[in-house]
Number of protein chains: 2
Amino acid sequence: MSIAAVERETGLPKDTLRVWERRYGFPRPERDPRGERLYPEDQIARLRTVKRLMDRGMRPGRLLALDADALMALAEESSGDAPPRSALHDLALFLLKTHQAGELRRELVQVLMRDGVSRFVLETAAPLARQVGDAWARGELQVHEEHLLSEVLQAVLRQAIAQLGAPAGPPLILLTTLPDERHGLGLLMAEAIATLEGARCVSLGTQTPLHDIVAAAIAQNADIVALSLSSNATPAQTVESLRLLRAQLPPAIGLWCGGAGAGRIKRLGKGLRVIGELAELGAALDDWRATGVAARG
Amino acid sequence: MSIAAVERETGLPKDTLRVWERRYGFPRPERDPRGERLYPEDQIARLRTVKRLMDRGMRPGRLLALDADALMALAEESSGDAPPRSALHDLALFLLKTHQAGELRRELVQVLMRDGVSRFVLETAAPLARQVGDAWARGELQVHEEHLLSEVLQAVLRQAIAQLGAPAGPPLILLTTLPDERHGLGLLMAEAIATLEGARCVSLGTQTPLHDIVAAAIAQNADIVALSLSSNATPAQTVESLRLLRAQLPPAIGLWCGGAGAGRIKRLGKGLRVIGELAELGAALDDWRATGVAARG
DNA sequence: TATACAGTTTTGTCCAGGACAAATATGAGA
DNA sequence: TCTCATATTTGTCCTGGACAAAACTGTATA
């Protein structure tokens, strides 16, 4: 497997793979006749484990010094501390592990009907997404099971949004994610809440280049650009993107961001509103309306 | 703007940007105090145009030798040859350009109700997606407008799939895309058609690592893994991925692929079925059922 | 006139090994 | 126990060279 394929598989950049090899002696791929790296399957598996433990906060220097057995032992051990869960989350995780996608979907739709859109998003969907992310980091759940939940939740949420109908606004909110952010679930949850609060929402989906976010915001005459920041990108990259975006966006257009990755950002520039929790979105919209059009020019 | 940011913005890899600079003298970024490249906005805009023309089939050597004016002239000129369209497509493109997302959605839902799912997908959604892609390549449509159509079509299609209900199968089809493929529209269209034909579909969404496609196929006990290949990735990369996937997947599980990128692949290995057009999917499913379980082991 | 083939050019991706600053950990003093 | 300064770790960037796959060219054949 070539270095490009390993980058796609594991998410570890080529530069990082090469510098690890130089510094820590792992991975130690074979070479093809051209001298290019060829990674055997067992080293890729080990890299996957390393990545998973790094997402739990561990540092590569220690992990890469470990041999395969010690690494597996560490992965096992660190999966011990499971957080408390509700009965519904237990059921959802069980259905996910046994791959009963249809059943899971029915269960979630039932909760949606019982609790309504707002409670469903805040009390069921958001905590579930978080717990599944944690379970993945602990190695309890595989990536494809996380993908599956994301897909099922997306179907349920889109159905809910469609049934809400389109409010007249204002504000008009443009929703999307930065180019390196692949997770679209937070976006959909925000869209559901905002639509419920009477805001008109236009979503561009995930991974929109900055230039096109700006172009869309101007073309649509949006009041607010809302970004969902998840956990993948480095804080430095995210801060740079937000800075560029704020600079290119007309000052009258608000820039809001939320999601798991929003909390990590410390040096947030001016003209940027951070929504720490989805539950705050409603209050933020009230604020926006209270401030009045005049104050915003 | 750093080289990493330009890669995110334009989709051109860092290595390519550096080698272009060395060979053709463009782009010619400034340097920060550390000696790192800083790309000014006008060069990024020019790179965007180059990328767009390259997606139309032109070669970088010529494009990069042109100055800014000649490049713009070429871009204008090449946008001249528009293909024939139907009245509906004209209307859809008009609504897209004037950013009337809600109206577009209503229009599409109406066509869906009138024609049924199958005709809607084959005669409306698929040609529309293709034409919008072409219009983007010609520079008539901006990226965000393409994103918007994708989002609206996704909403409509998911609604249609939800209303179809879940068939019992067989076959059980696992749908997803390769890790570097971000377009999920083809996937959804395939899911709609296959569901309509009585196949049970489980979608993992876009960008699943190969290892997890295999794990999911085995865990779900799938009969077929269906991939949607769009236009972005290099043929060589795609072929490598398909070869690896075929090797890791149990032989009894079929590997099917379709989409705009499937046509470009020439050296397709054994055990791989290419669906040239969405309309062939139904016939392929009939084939699969006719072949019988025994023959597949 | 159209098609198949061989030779040439173009082009993207890989390599090595060095460098540096941002992020993180560690230890000293209040 | 907390705060701040220092040391270590770590990812990303740099240069300039290399090579094979892909694309284009022109020639020979049906």
Side-chain angles (χ1 to χ4, degrees), chain A residues 1-8 10-39 47 50-51 53-65 180 232-241 243 264-267, chain B residues 1-8 10-39 47 50-51 53-65 180 232-241 243 264-267:
Chain A
M1 217 171 190
S2 69
I3 194 168
V6 175
E7 173 171 13
R8 286 194 298 267
T10 63
L12 297 164
K14 297 193 245 293
D15 271 334
T16 301
L17 289 169
R18 282 194 276 254
V19 88
W20 281 3
E21 184 181 341
R22 203 195 313 166
R23 285 190 188 141
Y24 312 112
F26 184 86
R28 197 185 292 272
E30 294 161 26
R31 299 293 177 134
D32 75 359
R34 281 183 248 170
E36 301 191 352
R37 290 172 176 79
L38 283 182
Y39 293 81
L47 285 170
V50 168
K51 179 82 190 319
L53 290 171
M54 280 176 62
D55 287 339
R56 293 271 294 165
M58 299 193 189
R59 303 191 70 181
R62 303 189 179 192
L63 297 172
L64 292 166
D180 45 2
N232 288 330
T234 22
Q237 273 183 4
T238 308
V239 170
E240 189 193 1
S241 293
R243 194 178 48 74
R264 298 190 188 175
I265 297 170
K266 303 187 176 174
R267 293 192 49 204
Chain B
M1 220 172 188
S2 70
I3 194 170
V6 175
E7 173 171 15
R8 286 194 299 268
T10 63
L12 297 164
K14 299 195 230 329
D15 271 334
T16 302
L17 289 169
R18 282 193 277 252
V19 89
W20 281 3
E21 184 179 341
R22 205 195 311 167
R23 284 191 188 139
Y24 312 112
F26 184 86
R28 196 187 290 275
E30 295 162 26
R31 300 293 177 132
D32 74 0
R34 282 182 248 171
E36 300 192 354
R37 290 171 175 80
L38 282 182
Y39 293 82
L47 285 170
V50 168
K51 179 81 190 320
L53 290 171
M54 280 178 61
D55 287 339
R56 293 271 293 165
M58 300 193 188
R59 303 191 67 179
R62 303 188 179 192
L63 297 172
L64 292 167
D180 45 3
N232 289 330
T234 330
Q237 274 184 3
T238 308
V239 170
E240 189 193 2
S241 292
R243 194 178 49 72
R264 299 189 187 176
I265 298 171
K266 304 188 175 174
R267 295 192 46 205

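Below, each value reflects all heavy atoms present in this structure, side chains not excepted, and no hydrogens, waters or symmetry copies.
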Rounded to whole Å, the CZ-P distance (A:R31 to D:dC19) equals 15 Å
Distance below 4.0 Å between A:Y24 side-chain N/O and D:dT9 OP1 or OP2
no
Give the nucleotide from the list C:dG12, C:dT11, D:dG11 with an atom nearest to the side chain of B:T16.
C:dG12
Among C:dA16, D:dT12, C:dT13, find the nucleotide with the atom closest to the side chain of A:V19.
D:dT12
Do the side chains of A:E30 and A:R37 get close enough for a salt bridge, i.e. N-O under 4.0 angstrom?
no
Flag the pair B:K51 and B:E7 as a salt bridge only when some basic side-chain nitrogen lies within less than 4.0 angstrom of an acidic carboxylate oxygen.
no
Has the side chain of A:R18 got a donor or acceptor that lies under 3.5 Å from a partner of the other kind on the base of D:dG11?
no
In whole angstroms, how far is the P atom of D:dC14 from the CD atom of B:E36?
5 Å
What nucleotide, of D:dT12, D:dT10, C:dC14, holds the atom closest to the side chain of A:D15?
D:dT12
Separation of C:dG12 atom P from B:L63 atom CG, nearest Å, is 11 Å
Rounded to the nearest angstrom, tell me the gap between atom CG in A:L12 and atom C1' in D:dT12.
14 Å
Please figure out whether A:R22 or A:G61 has its closest DNA chain D nucleotide nearer the 5' end.
A:G61
Select one nucleotide: of C:dC15, D:dA18, C:dA19, the one nearest the side-chain heavy atoms of A:R23.
C:dA19
Are B:T10 and B:V50 packed together at the side-chain level, in the sense that at least one heavy-atom pair is separated by less than 4.5 angstrom?
no
Base, sugar-phosphate or nothing for A:R37? Non-hydrogen atoms, less than 4.0 Å.
sugar-phosphate
Would you call B:T16 and B:P13 a side-chain contact if the rule is heavy atoms closer than 4.5 Å?
yes
If you check every side-chain atom of B:K14, which of D:dC13, C:dC15, D:dC24 has the closest atom?
D:dC13
Measure CE/B:M54 against P/C:dT10 and give the value in whole Å, please.
15 Å
Calculate the interatomic distance between A:L64 atom CG and D:dT10 atom C1'; express it in whole Å.
11 Å
Nearest listed nucleotide, side chain of B:R59, among C:dT10, D:dT12, C:dT13:
C:dT10
Is it true that a side-chain atom of B:S241 and a backbone atom of B:Q237 form a donor plus acceptor pair closer than 3.5 Å?
yes
Rounding to a whole Å, what distance do you find between B:L17:CG and C:dT13:C1'?
13 Å
Measure from the side-chain heavy atoms of A:W20 and tell me the nearest of D:dG17, D:dG11, D:dA22.
D:dG11
How many whole angstroms separate atom CD1 of A:I3 from atom P of C:dC14?
7 Å
Give the intermediate values and the outcome of side chain to side chain contact (heavy atoms under 4.5 Å, CB included) for residues B:L12 and B:V6.
CA-CA 8 Å; B:L12 297 164; B:V6 175; over 6 Å; no
Between A:G57 and A:S2, which is nearer to the 5' end of DNA chain C once each is assigned its nearest nucleotide?
A:S2
Out of C:dG17, D:dA21, C:dA22, which nucleotide sits closest to the side chain of A:R34?
D:dA21
